[in-house]
2 protein chains.
Amino acid sequence: MKNDPMSRHCPIVYAMDRIGGKWKMPLIWLIHQYPGVRYGQIRKAYAGITNTVLTRALQELEQDGLIRRVDFEEVPPRVEYHLTGKGKAAVPAVLAITDWGREQMEADGKRPLLAVIEEEK
Amino acid sequence: MKNDPMSRHCPIVYAMDRIGGKWKMPLIWLIHQYPGVRYGQIRKAYAGITNTVLTRALQELEQDGLIRRVDFEEVPPRVEYHLTGKGKAAVPAVLAITDWGREQMEADGKRPLLAVIEEEK
DNA sequence: CGGCATCCCACGTGATACTG
DNA sequence: CAGTATCACGTGGGATGCCG
């Protein structure tokens, strides 16, 4: 049902259409922590993700106006990702999810661990 | 990849495993707004959902310790749903998502509309 | 380095029918 | 009223290989 009142008017459905799925919130979180992070750095940070999937997620986030893709048009290529205003506005929601997840993981005796990107020199 | 560091340790993945999917956050929101809401009331509020899907979502939320199912063991049946402590702890995250969704819907010129349950007399 | 083109499949979601 | 039991399907996610 794509045309029922739920799908058309529910703010949660609207939000999850844009930042739901397996990788989008982690990506927003990462780009928020490391503004201007590069494609290759994201791949390393989230070792499980493949090119296809990462590229698709980034494209959708860009099309929905949450992130900005900055291509320096160099050889070899260099591309940075930043949050837009709309993307930044989503950060509190992503952090709220993260906080609850971390709390509950600890209550379950699991070790929460956030992605880290090595500083370059 | 179920055993990579991402899936095992990321608080967002942990959280989305429990409150992700199409209906779980709307359900948490509804049960938060209307503590003790009944099965049939939920069905009416979310007209698009079917028995199978609603029941499964409620069962998973219960198994994950987010909601409590109160069966009055009457005929005809009467069952109420409540949030547990763990479920209540998730409410701020759900509200943060809702707020962002509503903001962006308005910015897009769409009409956000939240489910309402009629008072009974 | 930062992708794209293809192909593929599990599984989340749902339609339909029936029950205590 | 509050569910079960089956079956079916679309698509989000992924594997693999190639390109400028």
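It should be emphasised that the depicted structure is a prediction, and the values quoted were computed from it without experimental measurement. Throughout, protein chains are lettered first and strands after them, A, B, ... in sequence-line order, and every chain is numbered starting at 1.
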Roughly, in whole Å, what's the span from [atom1] in [X] to [atom2] in [N]?
| X | N | atom1 | atom2 | result |
| --- | --- | --- | --- | --- |
| B:Ile49 | C:dT16 | CD1 | P | 16 Å |
| B:Lys44 | D:dA2 | NZ | P | 10 Å |
| B:Leu54 | D:dA2 | CG | P | 10 Å |
| A:Glu73 | D:dG20 | CD | P | 17 Å |
| B:Leu27 | C:dT13 | CG | P | 11 Å |
| B:Lys22 | D:dC9 | NZ | C1' | 13 Å |
| A:Met25 | D:dG13 | CE | P | 12 Å |

Original post:
the helix from C:dC1-D:dG20 to C:dG20-D:dC1: angle between its terminal axes, five pairs each, to 10°?
Top reply: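 Comparing the axis at each end, I get an angle of 60°.
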Would you check if [X] and [Y] make a side-chain contact, meaning some heavy-atom pair closer than 4.5 Å?
| X | Y | value |
| --- | --- | --- |
| A:Val13 | A:Met16 | no |
| A:Asp71 | A:Pro77 | no |
| A:Met105 | A:Arg111 | no |

Original post:
Can you name the closest pair of heavy atoms from B:Pro112 and B:Glu106 and give their distance?
Top reply: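 Heavy atoms of B:Pro112 and B:Glu106 come nearest at CG-OE2, 3.8 Å.
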Subject >> Which atom of A:Tyr46 lies closest to which atom of A:Ala115, heavy atoms considered >> reply: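 The answer is CE2-CB, 3.5 Å.
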Original post:
For B:Glu62 and B:Arg68, what are the C-alpha separation, side-chain angles and deciding distance, and is it a salt bridge (Lys or Arg N to Asp or Glu O under 4.0 Å)?
Top reply: CA-CA 6 Å; B:Glu62 194 193 5; B:Arg68 192 163 39 91; over 6 Å; no
Original post:
Among the nucleotides D:dG14, C:dA15, C:dT13, which one has an atom lying closest to any side-chain atom of B:Thr50?
Top reply: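 Minimum distance to the B:Thr50 side chain belongs to C:dA15.
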Original post:
So is A:Arg43 actually on top of A:Tyr39's ring, under 6.0 Å and inside 45° of the axis?
Top reply: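 The answer is no, since A:Arg43 fails at least one limit relative to A:Tyr39.
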Original post:
In terms of hydrophobic clustering (I, L, V, M, F, W, Y; side-chain heavy atoms under 4.5 Å; direct or indirect links), are B:Val70 and B:Leu58 co-clustered?
Top reply: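 Unlinked, B:Val70 and B:Leu58 end up in two clusters.
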Run the side-chain donor-acceptor check on residues 78-95 of chain B: report pairs under 3.5 Å with partners two or more places apart or on a different chain.
from, atom 1, to, atom 2, distance (Å)
B:Arg78, NH1, B:Glu74, OE2, 3.1
B:Glu80, OE1, B:His82, NE2, 3.0
B:Thr84, OG1, B:Gly65, O, 2.6
B:Thr84, OG1, B:Leu66, O, 3.1
B:Thr84, OG1, B:Lys86, N, 3.4
B:Thr84, OG1, B:Gly87, N, 3.2
B:Lys86, NZ, B:Asp64, O, 3.3

Original post:
Does a side-chain N or O from A:Trp23 land closer than 4.0 Å to OP1 or OP2 of D:dG12, or not?
Top reply: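 Answer no for this pair, as no side-chain N or O of A:Trp23 is under 4.0 Å from OP1 or OP2.
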Original post:
How does each nucleotide of nucleotides 1-7 of chain C score, in 5' to 3' order, for protein heavy atoms under 4.0 Å: base (B), sugar-phosphate only (S), or none (-)?
Top reply: BSBBBB-
